[in-house]
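A, B, ... follow the sequence lines: proteins, then strands. Residue 1 opens every chain.
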2 protein chains.
Amino acid sequence: MPDEPAPPPTGDPSAPDPPDQPLRVEVLSAVFQVRAAGDMSQQDTPRLCVLLRDPDGGGRTCPRRALPGGDVGPRETLAQSARRHLADDLDVAGLAHIEQLSVFSAPHRVPGTRTIASTYLGLLPSDARTQLPDGAAWVPVDALDPVTGPLVHDHGKIVDAARQRLAAKLSYTNIAFALAPRQFAMSELSEIYCAALGYNVDTTNLLRVLSRRAVVVATGTVGRTGRNGGRPPALYRFADSELRVTDEFATLRPPM
Amino acid sequence: MPDEPAPPPTGDPSAPDPPDQPLRVEVLSAVFQVRAAGDMSQQDTPRLCVLLRDPDGGGRTCPRRALPGGDVGPRETLAQSARRHLADDLDVAGLAHIEQLSVFSAPHRVPGTRTIASTYLGLLPSDARTQLPDGAAWVPVDALDPVTGPLVHDHGKIVDAARQRLAAKLSYTNIAFALAPRQFAMSELSEIYCAALGYNVDTTNLLRVLSRRAVVVATGTVGRTGRNGGRPPALYRFADSELRVTDEFATLRPPM
DNA sequence: TCAAAAGTGTTCGTAGTACACCCATGT
DNA sequence: ACATGGGTGTACTACGAACACTTTTGA
């Protein structure tokens, strides 16, 4: 699924590759944050947003939209490179999680020099306030194809892969720690799950599941009640602040 | 986990990368097959084996061991490149499945030119007979570190990553189709699961789980009884011959 | 006192495990 | 017939989903 089903090689498939062939390796990152959509027209329910950038620089009427990234430096790993390129747009210290997605290697996925893209998924807690430079913006992922045109090159596919990865890991890991604030009411966490998954999640059951797995723990403190009254919520936090698999081997697990 | 925690870059981390820096991209594949270990001393229970190759050519007394692979050609995707390099050792048409693993990019993971490795997991059905050239061999994965020395460079880590990926997907996908023969008794399939997972799997329950999920279906035919008598087994086959997720979202699944 | 939000308890369905028991074959 | 492996049936456990009911606040 990562590699597009490119047509079979037209040249001699067993030709030894010239060691000096021009070859670029770029790193592209899909960074997500759940944020209450900028327009305050609606009763803004939080939405999953992705960080996009205009590759031609800011200030256009109809900017092209691309994922942030760039080339790999000679002395850095790919993960370090991803962080370095993201530092142009946001405070990378706030990035709570970053992990590798697949490599996109179709020979002509971008025009010009043969460019292989190693892609990353990054997550930013919902309470991290970012000051984006010109040409960068948070775009709700469910408003991508229809409204603004498609993304540059194959970046749309990369965002899709990132969404799928996130949705899957929400189900069997504690990855939501990287999308949630340090402390939160279960209703807030539920909204984050809803935004990331795209469907409703029962708040009470979410608490039960995550408690049993010891993914979240109560802090003992309570938060403030909402605008229209209601009982003040207990506050929780994630037990770990790094990825942990919580439901490995749902089936075919080792005996005992 | 894919990128080793390399030391922070020593040079200027924000230096723009020279577009003509020497950079190699290699493809490495961990190909697995469950095979009844060559030595006929034991009551040979099948074991998970990985295809290794002596990078210095065959005929050594104490060969080094490495994963098969090599550089990417200018007109091929990484997956195509993986298949091309594997063709030196086996009939790639027999490879029932191949998928991307992570990228290994530590700056000095191999000496000399900066080399980034894109890695693949390949699976060969247990009944595929292979005629390996000199210098290539099937090595049981549980006999890697202790007996023969470690693998070259970081290839040991790559094999570990491949094993983990396989074990995980055995639990929630139909990936075993790529390790099993076209037709098989459930006891054979059970042995394959045992070999790949490293622990015992109950044959009767395996049938139930895989039947309910419509992963395997009965062919209606029966096989021959074993060496010491016993009821002849019903034969089964996998419903699909391509990867399918069978247990997506074990928890937090969409309503209805 | 009423609405709104949070939290608790209960019921239900279902998937997976363990294990006993029955079936079919070769010797 | 009997040992050997294959297959079926059943009971048990656990987890997650749904939903009703209770609790705590603000207006």
Checklist entry - Looking for any heavy atom pair under 4.0 Å, which part of the strands does A:A234 touch: base, sugar-phosphate only, or nothing? => result sugar-phosphate
Next on the checklist: Under 4.0 Å, heavy atoms only, any strand: does B:S187 hit a base, just the sugar-phosphate, or nothing?
Outcome noted: sugar-phosphate
Separation of atom [atom1] in [X] from atom [atom2] in [N], rounded to whole Å:
X: B:R253; N: C:dG13; atom1: CZ; atom2: C1'; value: 11 Å
X: B:L189; N: D:dG5; atom1: CG; atom2: P; value: 19 Å
X: B:R231; N: C:dT25; atom1: CZ; atom2: P; value: 8 Å
X: A:R224; N: D:dT25; atom1: CZ; atom2: P; value: 11 Å
X: B:M186; N: C:dA24; atom1: CE; atom2: P; value: 20 Å
X: B:Y193; N: C:dT17; atom1: OH; atom2: P; value: 12 Å
X: B:N200; N: C:dA18; atom1: CG; atom2: P; value: 10 Å
X: B:L207; N: D:dG5; atom1: CG; atom2: P; value: 19 Å

Mark yes or no for whether [X], through its side chain, and [Y], through its backbone, hold a donor-acceptor pair below 3.5 Å.
X: A:H155; Y: A:A66; result: no
X: B:E248; Y: B:V245; result: no
X: A:D202; Y: A:N205; result: yes

Checklist entry - If you pin B:T203 and A:D247 to their nearest nucleotides in DNA chain D, which one's is more 5'? => result B:T203
Checklist outcome for this item: Between A:L206 and A:P232, whichever has its closest DNA chain D nucleotide further toward 5' is A:L206
Checklist entry - Taking the side chain of A:R213 as heavy atoms from C-beta outward, which of D:dG16, C:dG7, D:dG7 is closest to it? => result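 Nucleotide nearest to A:R213's side chain: D:dG16.
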Checklist entry - What nucleotide among C:dC19, C:dA24, C:dA15 has an atom nearest to a side-chain atom of B:D202? => result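 Looking only at heavy atoms from C-beta outward on B:D202, the closest nucleotide is C:dC19.
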Pairs under 3.5 angstrom only: tabulate donor-acceptor contacts from the side chains of residues 209-219 of chain A to other protein residues two or more places apart or in another chain.
unit_1 : atom_1 : unit_2 : atom_2 : d
A:S211 : OG     : A:L207 : O      : 2.8
A:R213 : NH1    : A:S171 : O      : 3.2
A:R213 : NH2    : A:D247 : OD2    : 3.3
A:T219 : OG1    : A:T221 : N      : 3.3
A:T219 : OG1    : A:T221 : OG1    : 2.8
A:T219 : OG1    : A:L235 : O      : 2.9

Next on the checklist: Once rounded to the nearest 0.5 Å, what's the spacing between atom NZ of B:K157 and atom OG1 of B:T119?
Outcome noted: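 It is 12.5 Å, given to the nearest 0.5 Å.
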Item to check | Straight-line distance of B:R237 CZ to B:L189 CG, nearest 0.5 Å | outcome: 14.0 Å
What N/O pairs connect the protein and nucleotides 9-11 of chain C at under 3.5 Å? Give each pair on its own line.
unit_1 : atom_1 : unit_2 : atom_2 : d
C:dG9  : N7     : A:R208 : NH1    : 3.3
C:dG9  : O6     : A:R208 : NH2    : 2.5

Checklist entry - Does the distance from a Lys or Arg side-chain N to an Asp or Glu carboxylate O, for B:K169 and B:E99, drop under 4.0 Å? => result yes
Item to check | N or O in side chain of A:R212 less than 4.0 angstrom from D:dC15 OP1/OP2 | outcome: yes
